[in-house]
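Take a look at the structure set out below.
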Amino acid sequence: MRSSNRFNYLSTKLQKSPLRSPASALAHCILAVMLLMSAAATAQKIDYKVVIDAPDNVKPLIQNNLALIKWQRRERIDEAQFKRLVEEAKAEIETLVATEGYYTPTIDAKLERDGAAWIARFNIALNALVHVGDVQFKFAGALATAPKESLPSIDALQSGWLARKGDVFRQATWEAAKRKVLQQLILTRYPLAAITDSRAEVNVLSGEVTLKVDIDSGPTVTFGALAVTGLKRYPQRLVSDLNPISPGDVYDQSRLLEFQRRLLDTGYFLRVDISAEADMTSPGGSSAPVVVNIVENTLQKVGLGAGYSTNTGSRAQVSYERLNLFDSGVRLKSQVTVETKKQTALIDFLFPTTAEGKRDSIATYFKREDIQNETTRTSGLSGTRAWGEPQLERSVTLAYGRERRDVVDAAPPAGQAATEAGTSTSSSQTLSFNYGITLRRTDNLLSPNKGYLINLQAGAAPTYFLTTTPFGRLYGKYAGYFPLGASNTLILRAEGGVVGAKSRVGIPADFLFRAGGDQSIRGYGYQALGVQEGAAVVGGRYLATGSAEVVHWLSSTWSNWGVAAFVDGGNAADRPADLKPVYGYGTGARWKSPVGVINLDIAYGQAVRQTRLHFSLGVTF
């Protein structure tokens, strides 16, 4: 820039000076051209490289953030800019390594020539780390005088502070500690909280940093009245009955999220926005009215679908849903599904959730299955009441069903067509009661990596009233997820059941047990393990299966992908003595999709000496 300015100045003087002779004019022109070439050369891009000699724990930090290195990727940098960046680099490096707790580094900077290129070398010795010394909090607002049992309390905030005395002081930890303490206040009781001042005072002689944080919690905020906008077809009670919040309750953001989830789960609403902002005009500025803005879902829906299952074959499906049947708030859901091995028609009436959280439904259905040479045709009517949150759900069901069962007695002789004589037919009916409970204790409901899932059921058809064969039934299923390091998960599964009755004759197939298939014992056909009856495999009164699987999740670039190895075992039988386990083992691929983990497995069934492909989505609980 200086050369260019000088050239402009000299050029102006030349234009004003009298030209005494052609030789003098030529000399001035040559001088102008030389100055122009000098200015252009000065602005030309230079070649340089930066060599960082530093410990491995800070070297990537410097290389990724140093301005001198970033400028190498620019289109143009001249020598003056380069030298200025070199001069500033030392202060930059000091600032960068200080974020990792090194406040007294020794930095040796050198500039060298390699032909036409420059080399900037930085040798960095980190010296001693700085540690956290005293942590001094100053609290103001309602928190300062709140009872200790009112969470979040001062004691709880201080005990959960991330940057503890004696820890290495790092800027990232310091910022995270402030965010966490403020978040604890904002989420519960004090949504108007703010950090009014924060300081980190470093004493390089003692190697300690004193942290000072001033926090003003503001007033204690309570929820106010409920206000709902956007309702057109439904009465406001559909919203208010699902509201877990009462006016005067202490502000808790998790209650708002729970309210939103409940409303969206009903299916009545396309979008639900809930806010609760403190009204500073109210006494003490502590009231936060709950405002719900709703966009209603489409009144009617028609769906078409097609797919394929390695259990039941090709599938075509049509569904119809009406959200407000006869303006009663009752939802009608109907569906017809046609698969290679199973055909189902279902009509379900779902009533609005009550103020106590009860969800009632009535369903009627027809189902036909052709599995392992056993064909069943089942029709029925059931009523269910369910309640609870996803973490703990319970339900009771009263159901009546009729079943026709056709079993192939034996394969026909060679050259002879199958006749009615080759099939045994029986009919049964059942009036049954069932109680179920599901516990979900996982870090993620769709793609768990830690925790467990449990489903327990107890049912009975205790009398001969509308029942061919009385029985009692117990069933349980478990899945446990155990992280092994940062990139591996151990998954353990178990399933068991028992039907108490003198005989399985007259008990519908839906209440008996078979095993095998995508989410049972892999390496075997769908429900291919059970009791041999003629040429068919039918359900038995006892079930016991288990599985151990290890999933390795790939690197951060492919973090949603994994590979698995597994062993499955177990069986279904009519007597405990016949529960002789068979085994399947194999490997597979995993993908964490938005709707759950998709599993693609290849498994070898040891008892049948066959390899099968299995495809499934998540775990059904």
Side-chain angles (χ1 to χ4, degrees), residues 312 332-339 341-351 360-386 395-409 420-436 455-476 497-515 526-527 530-543 572-575:
T312 54
L332 167 66
K333 297 182 72 172
S334 60
Q335 181 174 291
V336 175
T337 304
V338 178
E339 300 173 273
K341 298 180 180 180
K342 182 191 297 187
Q343 301 83 44
T344 306
L346 170 70
I347 299 176
D348 206 353
F349 300 90
L350 296 95
F351 294 84
D360 297 330
S361 62
I362 296 175
T364 181
Y365 62 92
F366 172 80
K367 179 174 65 174
R368 179 187 181 277
E369 291 183 302
D370 187 357
I371 308 293
Q372 301 296 327
N373 286 331
E374 179 188 47
T375 302
T376 58
R377 296 171 177 84
T378 307
S379 58
L381 178 69
S382 66
T384 299
R385 166 163 287 186
S395 66
V396 291
T397 300
L398 180 65
Y400 172 75
R402 297 183 62 88
E403 178 187 88
R404 171 177 166 169
R405 176 172 171 269
D406 297 315
V407 176
V408 177
D409 290 335
E420 290 295 326
T423 301
S424 297
T425 300
S426 61
S427 297
S428 61
Q429 63 175 349
T430 301
L431 179 64
S432 64
F433 169 86
N434 190 77
Y435 173 81
N455 175 252
L456 301 172
Q457 297 179 24
T463 71
Y464 283 97
F465 178 68
L466 298 178
T467 299
T468 303
T469 301
F471 64 89
R473 185 178 187 270
L474 296 174
Y475 171 80
V498 56
V499 173
K502 293 181 179 180
S503 168
R504 62 182 165 82
V505 176
I507 299 177
D510 285 345
F511 295 95
L512 298 173
F513 303 111
R514 286 189 280 195
Y526 177 55
Q527 296 190 0
V531 178
Q532 193 72 38
E533 183 179 323
V537 175
V538 303
R541 291 183 292 141
Y542 296 91
L543 172 71
D574 215 24
R575 298 184 307 163

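These numbers were taken from a predicted model, which means no experiment stands behind them.
Residues Leu543 and Ala515 come closest through the heavy atom pair CD1-CB, 4.1 Å. Heavy atoms only, all atoms of each residue included: Ala573 and Val531 are closest at C-CG2, 3.9 Å. Closest of all the heavy-atom pairs between Gln527 and Gln372 is O-CG, 3.4 Å. Counting all heavy atoms, side chain and backbone alike, Thr469 lies closest to Gly506 at OG1-CA, 3.5 Å. In plain terms, the two heavy atoms of Thr376 and Ala509 that are nearest each other are CG2-CB, 4.1 Å. Phe513 approaches Leu474 most closely through the heavy-atom pair CZ-O, 4.0 Å.
Rounding to the nearest 0.5 angstrom, the gap separating the CG atom in Asn455 from the OH atom in Tyr475 is 6.5 Å. A distance of 9.0 Å separates CG in Leu346 from NZ in Lys333, rounded to the nearest 0.5 Å. The OG1 atom of Thr430 sits 10.0 Å away from atom CZ of Arg402, with the distance rounded to the nearest 0.5 Å. Here the straight-line distance linking atom CG of Asp409 with atom CG of Asn373 works out to 10.5 Å at 0.5 Å rounding. From Ile362, atom CD1 reaches atom CZ of Arg385 across 11.0 Å, with rounding to the nearest 0.5 Å. Distance check: Ser379 OG to Tyr400 OH gives 8.0 Å after rounding to the nearest 0.5 Å.
For Ser427, the side-chain contact (heavy atoms from CB on, under 4.5 Å) test picks out Arg404, with sequence neighbours left out.
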(request) Just do the side-chain contact (heavy atoms from CB on, under 4.5 Å) check on Thr468 and Glu403 with the steps written out, would you? (result) CA-CA 11 Å; Thr468 303; Glu403 178 187 88; over 6 Å; no
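Using a 3.5 Å distance cut-off with no hydrogens or angles, the side chains of Asn434 and Thr397 do not pair a donor with an acceptor. If you check the side chains of Thr337 and Glu339, you find no donor sitting under 3.5 Å from an acceptor.
Between the side chain of Thr467 and the main chain of Leu431, a donor-acceptor pair closer than 3.5 Å is present. Of the possible donor and acceptor atoms, none in the side chain of Glu533 sits under 3.5 Å from a partner among the backbone N and O of Ala535. In terms of modelled atom types and a separation under 3.5 Å, the side chain of Thr463 and the main chain of Phe465 share a donor-acceptor contact. A donor-acceptor contact shorter than 3.5 Å links the side chain of Arg514 to the backbone of Val537. Remark: side-chain polar atoms of Arg541 are paired, donor with acceptor, to backbone N or O of Asp574 under 3.5 angstrom.
Counting heavy atoms from C-beta on, the side chains of Phe366 and Thr378 never come closer than 4.5 Å. Side-chain atoms of Gln335 and Thr344, non-hydrogen and from C-beta on, never get closer than 4.5 Å to each other. Looking at Glu369 and Lys367, their side chains come closer than 4.5 Å, going by heavy atoms from C-beta outward.
Ring geometry, Phe471 versus Phe511: the interplanar angle falls from 30° to 60°, so the pair is classed tilted.
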